[in-house]
S.K.: 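The structure is given below, and queries will be raised subsequently.
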Amino acid sequence: MQSNFARALPLVLAYEGGYTNDRRDPGNWTGGKVGVGELQGTNKGIAASAFPHLDIRNLTDAQIAQIHRAKYWLKVRGDDLPAGVDFATFDGGVNSGPSRSVKWLQSALGVDADGVVGDRETLPALRSADIPKTIKAHCAKRLGFVKSLAIWNTFGKGWSRRIANVEATALSWVLTKGQLEAEAKKAADQATKQGGGAVVVAGGGVTDQAGGITGLPLWAVALLVGAVVAVLIIRIVINRQRADALGKVAKEAT
């Protein structure tokens, strides 16, 4: 397959941004954990935890391209993956590690998730796979992973926006303008439906009624209802981000 590395790299680097040394991000510490080792930061997706001996702040364009190709693109066998799948798997690998991103891909395909793209299972499965469905499943599994992280509340909104944009871009490599518009509408409709559910759960009288049904004290029911509403709100935000991202690539499609 033709390599999409040159096409994918600028997109990944735009998501990663420039130099940052946020103390809350474990990737910025050479030890890979907050407060462990030296705080060197991250630059263009290249973290101190993975490259503790590099001058992270002053990486050259050539170093950045070489590292991303060797440590991420080739690790996920980007040149052997179908268009769209290559970009989604590459970006996931840069953000969360190539082995983990490959496992999301393998889980989406229903093959053994060992974190290594192989010729016996993963690549044959891709040849017969529904590519748009695979892209969406990979991104959904990636989103599920980042939502499970302890720092989700700090970085979650940015992560979910990035995954929505990656999904939309990857789909734009394989879908027509009309298909992209349909995907955008589907995500927007889902967000609207979830918004209605949040209103119902949080509506007047629900807490009182739930208390009568469950026998729990009202304060406990209120906490439960609040937790349910919070989950629904996260889902609404995620689907609105997906709808916006898909709508944008649909407008840009020819």
Side-chain angles (χ1 to χ4, degrees), residues 1-22 25-32 37-106 108 114-118 122-123 126 131 134-135 138-139 141-143 145-146 149 155 158-174 245 249:
M1 295 182 183
Q2 184 176 354
S3 176
N4 280 319
F5 177 71
R7 183 182 186 186
L9 181 60
L11 300 174
V12 172
L13 296 183
Y15 297 141
E16 288 294 335
Y19 177 79
T20 176
N21 63 348
D22 191 326
D25 186 347
N28 290 336
W29 296 83
T30 55
E38 182 182 352
L39 180 66
Q40 282 194 348
T42 299
N43 190 9
K44 296 294 183 180
I46 299 171
S49 59
F51 303 93
H53 304 300
L54 287 180
D55 181 359
I56 297 295
R57 187 189 292 269
N58 296 305
L59 294 171
T60 66
D61 290 343
Q63 283 179 311
I64 291 167
Q66 190 277 328
I67 289 171
H68 277 285
R69 181 171 179 80
K71 299 297 184 180
Y72 301 107
W73 182 261
L74 295 182
K75 290 288 186 181
V76 303
R77 291 188 64 173
D79 290 338
D80 297 312
L81 303 181
V85 173
D86 53 2
F87 172 57
T89 309
F90 174 46
D91 188 80
V94 172
N95 201 206
S96 299
S99 177
R100 182 172 287 120
S101 188
V102 169
K103 287 180 181 178
W104 297 330
L105 172 60
Q106 292 168 324
D114 61 1
V116 179
V117 175
T122 307
L123 293 181
L126 276 167
I131 297 305
T134 300
I135 291 169
H138 179 280
C139 290
K141 292 179 183 299
R142 177 181 177 182
L143 181 62
F145 169 75
V146 297
L149 298 178
F155 299 105
W159 284 339
S160 61
R161 182 182 296 109
R162 173 174 178 166
I163 294 169
N165 288 332
V166 168
E167 178 191 30
T169 299
L171 288 173
S172 75
W173 291 12
V174 296
V249 295

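One-based numbering along the sequence shown.
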S.K.: Which heavy atom of Asn43 sits nearest a heavy atom of Ile56, and at what distance?
M.R.: ND2-O, 3.0 Å
S.K.: Any donor and acceptor pair, going by atom type alone, linking the side chain of Gln106 with main-chain N or O of Gly115 inside 3.5 Å?
M.R.: yes
S.K.: Could you list the residues that satisfy salt bridge (charged side-chain N to carboxylate O under 4.0 Å, His left out) with Asp22, not counting sequence neighbours?
M.R.: Arg24
S.K.: Who passes side-chain hydrogen bond (donor to acceptor under 3.5 Å, both in side chains) against Thr134, sequence neighbours left out?
M.R.: none
S.K.: For Ser172, check side-chain hydrogen bond (donor to acceptor under 3.5 Å, both in side chains) against everything at least two apart and list the hits.
M.R.: none
S.K.: Who passes ring-ring contact (aromatic ring centres under 6.0 Å, His included) against Phe155, sequence neighbours left out?
M.R.: Trp159
S.K.: Could I get the full list of side chain to side chain contact (heavy atoms under 4.5 Å, CB included) partners for Thr30, not counting sequence neighbours?
M.R.: Glu38, Gln40, Ala48, Pro52
S.K.: Can you see which heavy atom on Val249 is nearest to which on Ala168, and at what distance?
M.R.: CG2-O, 3.8 Å
S.K.: Could you check whether any side-chain heavy atom of Asp86 comes within less than 4.5 Å of a side-chain heavy atom of Asp79, counting everything from C-beta outward?
M.R.: no
S.K.: Closest approach of Val76 and Val117, non-hydrogen atoms and distance?
M.R.: O-CG2, 3.5 Å
S.K.: Just jot down the salt bridge (charged side-chain N to carboxylate O under 4.0 Å, His left out) partners of Arg77, sequence neighbours excluded, or say none.
M.R.: Asp80, Asp119
S.K.: Taking all heavy atoms of Ile131 and all of Leu126, pick out the closest pair and write down the distance.
M.R.: CD1-O, 4.0 Å
S.K.: Sequence neighbours excluded, which residues qualify as salt bridge (charged side-chain N to carboxylate O under 4.0 Å, His left out) partners of Arg162?
M.R.: Glu16, Asp91
S.K.: Does anything in residues 40-71 pair up under ring-ring contact (aromatic ring centres under 6.0 Å, His included), and if so which pairs, sequence neighbours excluded?
M.R.: His68-Tyr72
S.K.: Test of understanding: with side chain to side chain contact (heavy atoms under 4.5 Å, CB included), list the residues that count as partners of Lys75, not counting sequence neighbours.
M.R.: Pro98
S.K.: If you define the side chain from C-beta out and look only at heavy atoms, does anything of Phe87 sit under 4.5 Å from Ile135?
M.R.: no
S.K.: Report the C-alpha separation of Leu81 and Leu105 in whole Å, then their side-chain angles, then the decisive distance to 0.1 Å, and conclude whether the side chain to side chain contact (heavy atoms under 4.5 Å, CB included) test is met.
M.R.: CA-CA 11 Å; Leu81 303 181; Leu105 172 60; 4.3 Å; yes
S.K.: If the condition is ring-ring contact (aromatic ring centres under 6.0 Å, His included), which residues does Phe145 pass it with, not counting sequence neighbours?
M.R.: Trp104
S.K.: How long is the straight-line distance from CD of Gln66 back to CG of Leu59, given to the nearest 0.5 Å?
M.R.: 11.0 Å
S.K.: Look only at the side chain of His138 and the backbone of Ser101, and say whether a donor-acceptor pair between them is shorter than 3.5 Å.
M.R.: yes
S.K.: Got a donor-acceptor contact below 3.5 angstrom from the Asn4 side chain to the Ala83 backbone?
M.R.: no
S.K.: Is there a side-chain contact between Val116 and Val102 (heavy atoms, below 4.5 Å)?
M.R.: no
S.K.: Flag the pair Asn95 / Arg142 as yes when at least one side-chain heavy-atom distance between them is below 4.5 Å, and no otherwise.
M.R.: yes
S.K.: Apply side chain to side chain contact (heavy atoms under 4.5 Å, CB included) to Ala47 and list each qualifying residue two or more places apart in sequence or on a separate chain.
M.R.: Thr42, Ser49
S.K.: So Pro82 and Val85, do their side chains get closer than 4.5 Å, heavy atoms only?
M.R.: yes
S.K.: Shortest non-hydrogen contact from Ala8 to Phe90?
M.R.: CB-CD2, 3.9 Å
S.K.: When you compare the side chain of Tyr19 with that of Asn58, does any pair of heavy atoms fall below 4.5 Å?
M.R.: no
S.K.: Specify the closest pair of heavy atoms between Cys139 and Val166, including all atoms of both residues, with the distance to one decimal.
M.R.: SG-CG1, 4.5 Å
S.K.: Pairs in or reaching into residues 44-64: which pass salt bridge (Lys or Arg N to Asp or Glu O under 4.0 Å), with residues at least two apart or in two chains?
M.R.: none
S.K.: Go through the steps for Ser3 and Arg69 under the test side chain to side chain contact (heavy atoms under 4.5 Å, CB included), then give the verdict.
M.R.: CA-CA 11 Å; Ser3 176; Arg69 181 171 179 80; 4.1 Å; yes
